[in-house]
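Take a look at the structure below.
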Amino acid sequence: MTVRTRFAPSPTGYLHVGGARTALFSWLHARKHGGKFILRIEDTDLERSTAESVNAILEGMTWLGLEYDEGPFYQTHRFDRYNEVIEQFLDTGKAYRCNCPKERLEKLREEQMAAKLKPRYDGHCRGRHIDPNEPHVIRFLNPQDGTVVFDDMVRGKVAFQNTELDDLIIRRTDGSPTYNLSVVVDDLDMEITHVIRGDDHLNNTPRQINILKALGKEPPRYGHVPMILGDDGARLSKRHGAVSVMQYRDEGFLPEALLNYLVRLGWSHGDQEIFSIDEMVELFDIENVNKAPSAFNTEKLLWLNQHYIKSDTPARVARLLSPHMGELGVDPAKWPPLEQVVAMQAERANSLLELARISAVFYQEEIEYNEDGAKKNLKAAATEPLTRVRDKLAALDDWSREPIHAIIHGVAEELGLKMGKVGMPLRFAITGGVASGDLDLTVYLTGKEPSLQRIDRAMGYIQQRATD
RNA sequence: GUCCCGUUCAUCUAGAGGCCUAGGAUAUCGCCCUUUCACGGCGAGUACAGGGGUUCGACUCCCCUACGGGACGCCA
């Protein structure tokens with residue numbers, strides 16, 4: 001039997017990291033076993049489902065590269081099928097109509113809570129005749145005794161007493177089916193073999209198994225993966241720190257970094273930290289996923305992001321970096337080639353945003369001085385070395401790294417100065433800051449004319465300071 | 001409140017009864033490399049929630065307590 005897994009989000013918001021990890025695990029499980037990964041949109045909640053959310057989820061999946069083999073299927077397109085099952089249940093006495101008013105249900109709940117009981121529907125309408133033309137819901141007749149046991153792929157054996165369960169609503173007053181019914185019918189019709197989902201669904205599983213049994217079908221295998229907590233240990237939710245996967249893209253994260261981070265959250269393979277997609281597919285095993293929830297740690301994500309920024313080809317990083325450069329108001333299509341800048345700067349940035357920030361200086365007409373750095377580096381003592389470097393650079397025909405390197409070192413030697421005394425003022429003059437890559441490379445990439453202009457400006461700054 | 005689930009460094013984790021003086025990674029700190037910032041290298045500190053069993057031996061098995069999470073919807 002071929003493995004078939006699915007990701008079944010409800011379109012009531014964007015795709016966040018928790019959902020993305022569940023989708024990743026499900027996708028990996030299918031890929032590992034040469035199976036199919038199906039995308040299903042659970043939009044039976046007509047009130048809250050939106051097309052924008054569907055698009056946001058699709059966009060997130062695409063960005064992460066979690067391509068699906070079938071779907072997206074929409075539950076709203078399958079109402080006829082759900083109704084068919086509901087009618088079948090009604091005909092065979094496995095479901096019944098209920099018209100209990102909200103007030104009765106609320107009172108019941110309060111009484112049960114007061115008696116320290118678990119709030120459950122009491123089966124008041126079981127066996128009562130209710131006119132199908134009156135407003136009513138349909139409830140599934142849950143078994144009243146026995147135990148539902150299943151072997152969860154991550155939790156192991158889990159058991160629930162049927163006495164803990166109640167007769168859940170499977171069709172609303174407005175005629176729409178509810179989640180627990182539609183999910184069972186869909187997983188059945190779509191021949192899902194492995195249901196991998198968040199553990200907030202663990203409590204729903206026995207209900208779904210009971211519905212499946214009423215249908216005379218065998219349940220699939222279940223794997224309930226724990227929730228992801230925020231940096232502060234509280235549950236990650238849309239209201240609390242759960243950011244959209246797309247926000248990570250906007251903040252300069254590489255999809256492979258997020259994927260690598262997510263796969264290591266709750267799962268591991270010995271001491272290995274870095275996993276290519278192929279390695280994940282090969283090594284991932286849902287049975288090795290931890291049972292305990294884990295906290296999202298942005299610091300580690302940043303570390304992985306830096307790893308991928310510096311190990312991916314400069315060409316690819318440059319392509320992803322380009323839009324971020326544009327947002328900073330510079331044109332990366334101009335000199336120097338962005339690829340070369342990336343090759344030099346990659347190890348200094350843990351996000352594309354940071355990379356853009358430290359690289360913009362190569363494309364700016366007018367650079368900004370870091371004040372402390374200016375005080376420290378543009379002093380009278382820097383005039384002589386700067387002048388000499390400037391003149392030699394101006395006379396340089398072959399604008400390339402080696403001669404630039406020779407000039408800087410030559411000046412230090414001539415003046416009997418340590419490299420720092422020449423290098424730091426020059427670095428500051430060229431970049432306006434105290435941090436940059438190799439000095440000769442930095443000068444080279446800045447270009448001849450811009451370099452000369454920047455040195456002139458620095459010397460002007462020194463003079464200005466002397467007269468103040 | 002009831003039911004379900006969980007608990008190893010700050011964080012992600014290794015650990016399937018003796019391999020554990022509890023390993024790795026991130027973060028932090030120190031040293032080295034270095035004209036700067038990084039990268040890299042080396043090193044340091046920090047953890048088995050608590051209590052009872054079982055066993056010759058428990059991070060590993062069982063029970064209790066504490067703490068955390070989830071569920072208890074005409075949401076999914």
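In what follows, chains are A, B, ... by sequence order, proteins preceding strands, each numbered from 1. Quick caveat: nothing in here was measured; it's all calculated off a predicted structure.
Within 4.0 Å of A:Gly437, counting heavy atoms only, lies at least one base atom of the nucleic acid. A:Glu164 comes within contact range of the sugar-phosphate backbone alone, with a heavy-atom separation under 4.0 Å but no base atom that close. At the heavy-atom level, A:Arg171 lies nowhere under 4.0 Å from the strands shown. Nucleic acid contact for A:Gly423: base, since at least one base atom lies under 4.0 Å from a heavy atom of the residue.
Classification of the A:Phe275-A:His269 ring pair by plane angle, with boundaries at 30° and 60°, yields perpendicular. Ring-plane geometry between A:Phe296 and A:Tyr261 is classed as perpendicular, the angle between the planes exceeding 60 degrees on a 0 to 90 degree scale with a lower cut at 30.
Rounded to an integer number of Å, the gap from CZ of A:Arg21 to P of B:C12 is 11 Å.
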Report all interatomic pairs (protein N or O, nucleotide N or O of nucleotides 4-8 of chain B) with separations under 3.5 Å.
| from | atom 1 | to | atom 2 | distance (Å) |
| --- | --- | --- | --- | --- |
| B:C5 | O2' | A:Arg155 | NE | 3.4 |
| B:C5 | O2' | A:Arg155 | NH2 | 2.0 |

Can you give me the N/O atom pairs linking the protein to nucleotides 41-45 of chain B at distances under 3.5 Å, or say none if there are none?
none

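Atom name C1', nucleotides B:G43 and B:C33: the rounded distance is 15 Å, in whole Å. Remark: the separation of the C1' atoms in B:U2 and B:C61 is 29 Å, to the nearest Å. Using P as the reference atom, B:A22 and B:G50 are 15 Å apart when rounded to the nearest Å.
With hydrogens and angles left out, the side chain of A:Thr173 and the base of B:C74 share a donor-acceptor pair within 3.5 Å.
Taking the six-membered ring for Trp and the full ring otherwise, the centers of A:Phe89 and A:Phe140 sit less than 6.0 Å from each other.
Remark: A:Arg109 pairs with no residue by the salt bridge (charged side-chain N to carboxylate O under 4.0 Å, His left out) rule, at least two apart or across chains.
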